[in-house]
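One structure is given below, encoded as structure tokens.
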Protein chains: 2
Amino acid sequence: MKLGDGVEQAIHSVTMLSCLQPGSTLSAAALAEFHGVSTSYLLKHLQAMSGAGLLEAVSGPKGGYRLARAPEKITLLDIVLAVEGPEPAFRCNEIRLRGPNPYTCKPAAPCTINVAMLRAEQAYRAELRRVTVAGIIADLKTIDGDGAIAARTNGFLALHERKSGTAA
Amino acid sequence: MKLGDGVEQAIHSVTMLSCLQPGSTLSAAALAEFHGVSTSYLLKHLQAMSGAGLLEAVSGPKGGYRLARAPEKITLLDIVLAVEGPEPAFRCNEIRLRGPNPYTCKPAAPCTINVAMLRAEQAYRAELRRVTVAGIIADLKTIDGDGAIAARTNGFLALHERKSGTAA
DNA sequence: GAACTGTTACTCGGATAGTTATTGTCCGAGTTGATTAGG
DNA sequence: CCTAATCAACTCGGACAATAACTATCCGAGTAACAGTTC
């Protein structure tokens, strides 16, 4: 039961990408520099999210990443599944069927333990599905009373945002 | 987001231990043989649960493991935490504080992302807390119409159960 | 001066090593039961 | 025949390798901007 560190990087990156103006992009190098993490490793997760349809990648100079959907349409679950993979955390190996005396044929009876674990994980995912990137930004603004966080983000974006005229 | 295979083994072992009569024990070797897994590796998790206060270990010949509490008092969450460790799956490394322009001092504002992830994990744990070992057995009996599963378990227990007169 | 073309530099993308956590295994300490000698 | 000490075997407990996953990195393919050239 451990999530990789890449999940945090991915969520923060998406959060930051949601702060820039429509059509603009931000390079992976800038995102990595802002968060103080490895550029190449962050790229790995950005690519995963790009493949999952969460982000759009723009090649060439003045290129970078940009959100493929509105922040209201991106949930934490989308990000976690894109980075960590869609398979559930608990996978039943059916060890009850192994051993010296396996069931002759019992395909109809599901493993009760597997059902319980999957139900718990569905609750976990449902909770993550309730949180959107837009909601995170809203909560952040509520906390950021003096605007220090927003000022820092905007200051960095002013230097690295790519207002390429490719779209809109 | 992946749980170790040991969790499944641990839950199945606890479920089986709950089927034997009060005071009796079952050796780790028997549990491993029944489930067709490595004995030494299963021991590792049985020890963890013993240290967590879920199981009681009896040394010497005719020894083995036995439940330390009633099946109604043991939840899936207890087992998962004992095996996988109590630390949460998502740990915030505060990467927002890193980078070229960290906050000068902002300890009061919590990381919104961390809060959301932890809340989801609490939902996950709450769901696991609702499921007790006794409940699993009850559900199993409901499914096991012809009694094939119970017959197999009882047959194995008749051979390997240790009705040591150590306790009650 | 404007348009076209070639170059160039910058981007993402996937394939490649290093490190850590998980899985699997082994041997030693402790304890109980049986055995055996003595009363 | 009963009792007690001794022996032995079986158990759990923690320390030790092998494997897989995660982390970090490098180089190549592609693309858009820029500079130079030509009309």
Side-chain angles (χ1 to χ4, degrees), chain A residues 1-10 13 17 23-33 35-52 55-66 68 83-85 87 89 91 93 95 160-167, chain B residues 1-10 13 17 24-33 35-52 55-66 68 83-85 87 89-91 93 95 160-167:
Chain A
M1 193 59 184
K2 207 188 68 173
L3 260 66
D5 291 356
V7 176
E8 184 182 8
Q9 302 178 15
S13 296
L17 286 177
S24 298
T25 60
L26 200 62
S27 69
L31 283 168
E33 181 190 358
H35 294 111
V37 297
S38 163
T39 303
S40 305
Y41 187 45
L42 181 61
L43 257 171
K44 186 189 185 85
H45 303 304
L46 293 175
Q47 288 170 18
M49 288 190 285
S50 178
L55 302 181
E56 275 183 355
V58 178
S59 295
K62 301 290 182 69
Y65 285 97
R66 122 185 74 187
V83 174
E84 289 284 323
E87 60 275 0
R91 51 207 175 359
N93 294 113
I95 66 174
H160 296 276
E161 187 173 0
R162 304 291 173 76
K163 301 186 181 181
S164 71
T166 309
Chain B
M1 193 58 185
K2 207 189 70 171
L3 258 65
D5 290 356
V7 177
E8 184 182 7
Q9 302 179 14
S13 297
L17 287 177
S24 298
T25 60
L26 202 61
S27 71
L31 283 168
E33 182 190 357
H35 294 111
V37 297
S38 164
T39 303
S40 305
Y41 187 45
L42 180 61
L43 257 170
K44 187 189 186 85
H45 302 305
L46 293 175
Q47 288 170 19
M49 288 190 286
S50 178
L55 302 181
E56 274 183 355
V58 178
S59 297
K62 300 294 183 62
Y65 285 96
R66 125 186 71 187
V83 175
E84 290 286 322
E87 59 274 2
F90 181 85
R91 51 208 179 348
N93 294 115
I95 65 174
H160 297 277
E161 186 173 359
R162 306 288 175 78
K163 301 185 180 180
S164 70
T166 308

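Because only heavy atoms are used, hydrogens play no part in the values below, and waters and symmetry mates are left out as well, while side chains stay in. Quantities reported herein were computed from a predicted structural model and do not represent experimental measurements. Naming convention: chains lettered A, B, ... in sequence-line order (proteins, then strands); numbering from 1 in each chain.
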**Study point:** First of Lys2(A) and Ser59(A) reached from the 5' end of DNA chain D, by closest nucleotide
**Key:** Lys2(A)
Practice item. Using a heavy-atom cut-off of under 4.0 Å over every strand shown, decide if Ala29(A) touches base, sugar-phosphate, or nothing. Key: nothing
Exercise for review: Select one nucleotide: of dC12(D), dA33(D), dG13(C), the one nearest the side-chain heavy atoms of Ala57(A).
Suggested key: dG13(C)
Practice item. Return the value, rounded to whole Å, for the distance between atom NE2 of His35(A) and atom P of dT23(D). Key: 16 Å
**Study point:** Atom-to-atom span, CZ of Arg91(A) to C1' of dA20(D) - whole angstrom
**Key:** 11 Å
Check your understanding: Can you tell me how far C1' of dT11(D) sits from CD of Glu161(B), to the nearest Å?
Key -> 17 Å
Practice item. Send over the distance from Met49(A) CE to dC12(C) C1', rounded to a whole Å. Key: 14 Å
Study note, to complete from the structure: note: Leu42(A), atom CG; dT25(D), atom P; distance rounded to Å ~ 12 Å
Review point. Distance from Asp5(A) atom CG to Ile95(B) atom CD1, nearest 0.5 Å?
Key: 9.0 Å
Review point. What's the NE2-P distance between His160(A) and dC10(C), to the nearest Å?
Key: 14 Å
Practice item. Map Ser27(B) and Gln9(A) onto DNA chain D by nearest heavy atom, then report which one ends up closer to the 5' terminus. Key: Ser27(B)
Exercise for review: Starting from the C-alpha separation in whole Å, work towards a yes-or-no answer on side-chain contact (heavy atoms from CB on, under 4.5 Å) for Val58(A) and Tyr65(A).
Suggested key: CA-CA 6 Å; Val58(A) 178; Tyr65(A) 285 97; over 6 Å; no
Check your understanding: Between Leu43(B) and Gln47(A), which has a closest nucleotide on DNA chain C that is more 5'?
Key -> Gln47(A)
Exercise for review: Rounded to the nearest angstrom, tell me the gap between atom CG in Leu46(A) and atom C1' in dG14(C).
Suggested key: 15 Å
Review point. Distance from Thr39(A) atom OG1 to Lys44(A) atom NZ, nearest 0.5 Å?
Key: 15.0 Å
**Study point:** Residue-phosphate contact under 4.0 Å: Arg162(A) side-chain N/O, dT11(C) OP1/OP2
**Key:** yes
**Study point:** Ser50(B) OG to Leu55(B) CG distance, which is reported to the nearest 0.5 Å
**Key:** 6.5 Å
Review point. To the nearest angstrom, how far is Lys44(A) atom NZ from dA21(D) atom P?
Key: 12 Å
**Study point:** Thr25(B): which of Lys62(B), Arg66(B), Glu56(B) passes side-chain contact (heavy atoms from CB on, under 4.5 Å)
**Key:** Arg66(B)
Practice item. State whether Ser38(B) places a side-chain N or O below 4.0 Å from either non-bridging phosphate oxygen (OP1 or OP2) of dT25(C). Key: yes
Point to revise | Contact under 4.0 Å: Tyr65(B) side-chain N or O vs dG13(D) OP1/OP2 | key: yes
Review point. With a 4.0 Å cut-off on heavy atoms, is Ser40(B) in touch with a base, just the backbone sugar-phosphate, or nothing at all?
Key: base
